[in-house]
2 protein chains.
Amino acid sequence: MPYTLILNNIAKHIHLTPDEQAVFTGMLQSRTIKRKQFLLTDGDICKHSAFVTQGCLRGYTVDKNAIEHVLSFAPPDWWMADMYSLISQKPGILNIEALEETHILLLSKHNQEELYKQIPKFEHFFRVLTENSLVASQQRLIDGLSLTAEDRYNNFCKRYPTLINVLPHKQIASYIGVTPEFFSRMRSRK
Amino acid sequence: MPYTLILNNIAKHIHLTPDEQAVFTGMLQSRTIKRKQFLLTDGDICKHSAFVTQGCLRGYTVDKNAIEHVLSFAPPDWWMADMYSLISQKPGILNIEALEETHILLLSKHNQEELYKQIPKFEHFFRVLTENSLVASQQRLIDGLSLTAEDRYNNFCKRYPTLINVLPHKQIASYIGVTPEFFSRMRSRK
DNA sequence: GGGGGAAGTTGATGTAGGTTAAGTTTTTTG
DNA sequence: CAAAAAACTTAACCTACATCAACTTCCCCC
């Protein structure tokens, strides 16, 4: 059953009756994105939250020197969206690309709001999810201000051990905020 | 009436009946913090969300070299807490200090949860609040990865024009991630 | 209102990490 | 499976920003 992962993800925070589960899963749309293809690009208006069931997404921005900066990765069991664009419904700044063939479940903004009305527990669920993201984002900000690149890399290894062997080095380098060249030097110093 | 500001803050996202307003304001505790005094220090467990009605708070961490890093400022009409500690109820990493005499309204974690039960609209309110914080935090992350210190300073001036003339330079320097010395040089170059 | 301790400035020097470039290895895809 | 592209490495050189130190100005608080 393709909904096991997402229902378990939700069950971590709220309990759904079988009926509610059916309402919820009925709102989902499943989709496969091939390697190097995009779910969303810079300038698009984000109309869905995506939940990854297989593969891996990355969300990144491109600066005025055409350098990419990874904001987040989404391996299985993670949610991904351009939050700014999703909540404002204005053109976003994020590119969301599949690093390998990736299976996702899409929840449209319309259905998400419908869910808040029909099953208010989902307000709670997404509040908690957002709170956790905020804490992680703030911790990463603090790390960026107070740690060396080497310490940030060590943290990344500890926090996301499964991703280390899956992601290309240049993507990890971009996430922690260094060039691939410097990342390579850092790694050889140990 | 000392609750006007906070009720208007809430009215931006949800509508409360007079009864609900009374329930809510009845849960608040007001407090004054003198200049250079702390609402919370590193290692404390955060038990309240604070809403500033007058003055200004700053939240910062201290790294292993005893350097302070400002995570956020809270002028009037802003909420402040150590989110990590508040949601996990584990010792936090944030110091929250008053930059001048500051009036706040405190909502305890217990009352906040009570509010979610008694007036579910508050789930919605805090979800939206948290979403907006997340978007701001992510934008700051991206700025840190892709802009020079000078560009970050210009952004800060645009985004928080009222804070520029209120905050000591060294606090702004810390927020944008440079030393006071470099901040001074940056400013003299224009 | 004046003295003392922060806050801010300025200059000389140091360094983490960037840039450019060239070469090697791995992966992808026709 | 081969060729092309992408990922990774190494080295020389560069720069944005940090550090240290001495000085000046501001602004609390007694």
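To find a chain, count down the sequence lines: A is the first, B the second, and so on, and within it residues start at 1.
- Overall bending of the helix from C:dG1-D:dC30 to C:dG30-D:dC1, expressed as the angle between end axes built from five pairs apiece, is 60° (10° steps).
- Legend: residues meeting side-chain contact (heavy atoms from CB on, under 4.5 Å) with A:Arg35, ordered by chain and number and at least two apart, are absent.
- Side-chain polar atoms of A:Asn9 and A:Trp79 form a donor-acceptor pair below 3.5 angstrom.
- Nearest to the side-chain atoms of B:Pro168 among the listed nucleotides C:dT9, C:dA7, C:dG11 stands C:dA7.
- Of the side-chain N and O atoms in B:Arg187, one or more sit less than 4.0 angstrom from OP1 or OP2 of C:dT9.
- Ring planes of B:Phe73 and B:Phe156: perpendicular class, angle over 60° (limits at 30 and 60°).
- Only B:Glu181, B:Ser184, listed by number, bring a heavy atom of residues 174-184 of chain B to less than 4.0 angstrom from any atom of DNA chain C.
- A salt bridge links A:Glu20 with A:Lys121: the closest approach of a Lys/Arg side-chain nitrogen to an acidic carboxylate oxygen falls below 4.0 angstrom.
- Without hydrogens or angle criteria, B:Ser88 side chain to B:Tyr84 main chain gives a donor-acceptor distance under 3.5 Å.
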Quick one: which protein N/O atoms are closer than 3.5 Å to N/O atoms of nucleotides 2-5 of chain C? Pair and distance per line, please.
none

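- Annotation: salt bridge (charged side-chain N to carboxylate O under 4.0 Å, His left out) contacts of B:Lys170 (sequence neighbours excluded): none.
- Both A:Gln171 and B:Thr148 lie near DNA chain D, and the one whose nearest nucleotide falls closer to the 5' end is A:Gln171.
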For nucleotides 22-30 of chain D, 5' to 3', base contacts (B), sugar-phosphate-only contacts (S) and non-contacts (-) with protein non-hydrogen atoms under 4.0 Å give ------S--
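- Look at A:Arg159 and A:Asp143 and you find a salt bridge, because one of the NZ, NE, NH1 or NH2 atoms lies within 4.0 Å of a carboxylate O, short of that distance.
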